[in-house]
Amino acid sequence: MNTEKHIKTLLIKKPLKLDCGKIINNFPIAYETYGSLNEKKDNAILVFHALTGDQFVTGLNPVTNKDGWWSYAVGPNKSIDTNKYFVICSNVIGGCLGSFGPSHKDAETQKIFGINFPVITINDMVNAQYNLLEHFGIDKLFSIVGGSMGGMQVLQFISNFPDKAKTVIPIACTSSHSAQNIAFNELGRQAITADSNWNEGNYNLQNTIPNKGLAVARMAAHITYLSKKGLQEKFGRKLQEREDLKFGFDADFQIESYLRYQGSVFVDRFDANSYLYITRAMDYFDLAKQFNGNLSDAFKETKAKFFVISFTSDWLYPTQENKDIVIALNSIGANVGFVEIDSDKGHDSFLLDVPEFLSALKNFLDKSYTATK
Amino acid sequence: MKNEFNVIADLIEKNTRVLDVGCADGVLMEFLKDNKNIDIRGLEISKNKVQKCIEKGLTVIEGNAEFDLKQFPDKSFDYVILSQTLQAFLNPELVINELLRVGKKAIVTIPNFGYWKVRLHLLLKGTMPVTETLPDQWYNTPNLHMCTIKDFVYFVKSRNIKIFKSLALNKKNTSLINSNNLGIKNLFSDLGIFLIEK
């Protein structure tokens with residue numbers, strides 16, 4: 001993956017104390033921007049990506065040569081209208097698309113970190129990304145937006161920097177990873193570390209990657225992003241390019257073939273150790289715990305306007321977990337709107353062409369933007 | 001905007017905090033926000049209507065008043081509005097209690113089942129009344145607990161709820177209800193509007 005020429009980075013010189021106790025400095029954050037920052041610098045939206053996302057939100061991703069991960073929602077005249085807003089997105093630390101992560105070299109030992117990279121948290125991710133505001137000279141963001149792990153970062157960001165965003169949009173997320181969430185992530189990690197190519201995280205030394213383990217991790221996770229109904233309608237028991245069952249273990253069913261494909265394309269673009277680190281960060285996320293069990297206290301300093309969105313068929317971060325955020329906000333009289341969007345597309349709904357979702361997002365942003373003028 | 005909303009808006013003081021329960025497409029909310037500088041929130045059960053409110057730039061929570069009012073702290077709003085929905089709840093008494101817990105005051109409007117046209121419809125036709133205010137048939141109406149203006153007045157009195165103002169509406173005409181004219185108003189009004197407090 002020789003992609004460095006496509007990647008903009010910001011070198012953070014200021015030391016950052018991580019939750020694990022380690023202090024990092026002189027580390028890069030890779031970012032991308034869309035649209036332009038206006039003179040008053042009041043039209044900036046910080047987008048946070050999910051587990052396997054990156055800074056290339058929309059347009060052509062120069063690394064994968066595919067559309068950016070949120071092309072449905074972000075772009076000219078779209079929900080997050082880049083004719084109007086200045087969109088910033090950065091690769092999370094721990095990631096593998098230019099930001100400081102386990103595939104980087106340790107300055108002290110000159111060896112690739114691998115699993116010697118410090119364990120990072122959602123809190124560390126947003127604290128690192130906060131430096132982007134300074135870099136662009138933005139005093140206050142118009143909005144912070146993200147789905148899934150991006151939504152967790154949204155919640156953590158506004159809790160850490162209560163006066164740095166006017167509007168706050170956590171989508172299909174949770175304030176605390178559930179046992180089921182942790183269980184699925186652990187399954188993925190076990191698949192990776194059980195692959196003999198993983199080599200205690202030092203696969204770079206032998207020039208291999210734990211591609212089988214990483215593919216299985218992706219396949220398992222991918223199931224959690226879809227709904228039972230969606231899968232049934234798309235695949236049912238349809239067979240893959242064959243008339244009948246073959247009485248073997250090849251991919252007889254289309255769903256098997258589909259998952260295998262998802263696994264195989266994923267290993268080409270994602271680093272196995274990053275997968276371990278980022279899933280760990282998600283599992284450690286428990287915003288209420290940071291405030292002695294009272295989630296409302298996470299938001300009591302902010303005057304921002306919140307808009308929480310969930311999806312009916314999302315069983316990974318179900319509506320109730322999103323509603324818990326709404327309840328915590330209402331109990332302190334915060335300004336919060338909430339809508340559950342009807343969709344059969346499961347957790348992935350926020351990434352897909354779901355018109356009710358896209359119009360709600362657009363209306364909320366545009367009306368809020370006009371109201372601040 | 002319908003007359004009912006004008007009457008409700010007149011009951012609300014400027015610069016206050018208001019929750020509109022069952023806010024529908026947000027017509028009243030928008031009016032209160034623009035004309036009385038109200039810090040307004042809505043609760044609405046229909047996804048479509050929530051979307052309409054978002055289009056208007058209103059802060060609305062999708063939810064059901066019977067389950068979702070409990071998230072609001074005691075007396076966190078100056079007024080809570082419930083327009084023509086009390087009769088549709090499984091447990092109207094619980095909802096009234098919740099309105100009065102969350103709001104310092106509540107404004108409740110009810111379609112009056114004691115209205116003469118309703119009475120006459122049942123008397124003469126012998127079928128369930130269908131009127132402008134009660135447009136649905138018996139088999140598809142959301143209304144579970146119809147009451148009359150008189151029923152509502154008796155109910156709040158029996159629960160020691162204070163009535164600040166009771167108004168009767170008949171088309172464009174608004175009039176005050178008091179203990180002397182209750183029987184008449186109950187016969188000639190199709191809507192009752194009550195400002196109450198516990």
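Since the model is a prediction, treat every value here as computed from it, not as a measurement. All chains are named by letter (A, B, ...) in the order of the sequence lines, taking the proteins before the strands, and each is independently numbered beginning at 1.
Contacts of A:Val336 with chain B are made by both backbone and side-chain atoms, with heavy-atom separations under 4.5 Å. Using a 4.5 Å cut-off between heavy atoms, B:Val60 touches chain A through its backbone atoms (N, CA, C, O) alone. Residue contact with chain B, scored on non-hydrogen atoms closer than 4.5 Å, involves the backbone and the side chain of A:Ala360 alike.
At most 12 heavy atoms of other shown residues, nucleotides or ligands fall within 6.0 angstrom of atom CD1 in B:Ile184. Annotation: B:Glu13, atom CD; neighbour count of heavy atoms from other residues, nucleotides and ligands within 6.0 Å does not exceed 12.
For the atom pair B:Phe72 CZ and A:Ile327 CD1, the distance stands at 9.5 Å (nearest 0.5 Å).
Across all their heavy atoms, A:Phe307 and B:Ile54 have their closest contact at CZ-CD1, 3.5 Å.
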Check chain B against chain A and list any donor-acceptor pairs under 3.5 Å.
| residue | atom | partner | partner atom | Å |
| --- | --- | --- | --- | --- |
| B:Arg41 | NH1 | A:Ala334 | O | 3.1 |
| B:Lys47 | NZ | A:Glu340 | O | 3.0 |
| B:Lys47 | NZ | A:Glu340 | OE1 | 2.6 |
| B:Gln51 | NE2 | A:Glu356 | O | 3.1 |
| B:Glu55 | O | A:Lys367 | NZ | 3.4 |
| B:Thr59 | OG1 | A:Asn335 | OD1 | 3.0 |
| B:Val60 | O | A:Phe338 | N | 2.8 |
| B:Glu62 | N | A:Phe338 | O | 2.9 |
| B:Glu62 | OE1 | A:Glu340 | N | 2.8 |
| B:Asp68 | OD1 | A:Lys323 | NZ | 3.4 |
| B:Asp68 | OD2 | A:Lys323 | NZ | 3.3 |
| B:Gln71 | OE1 | A:Asn330 | ND2 | 2.7 |

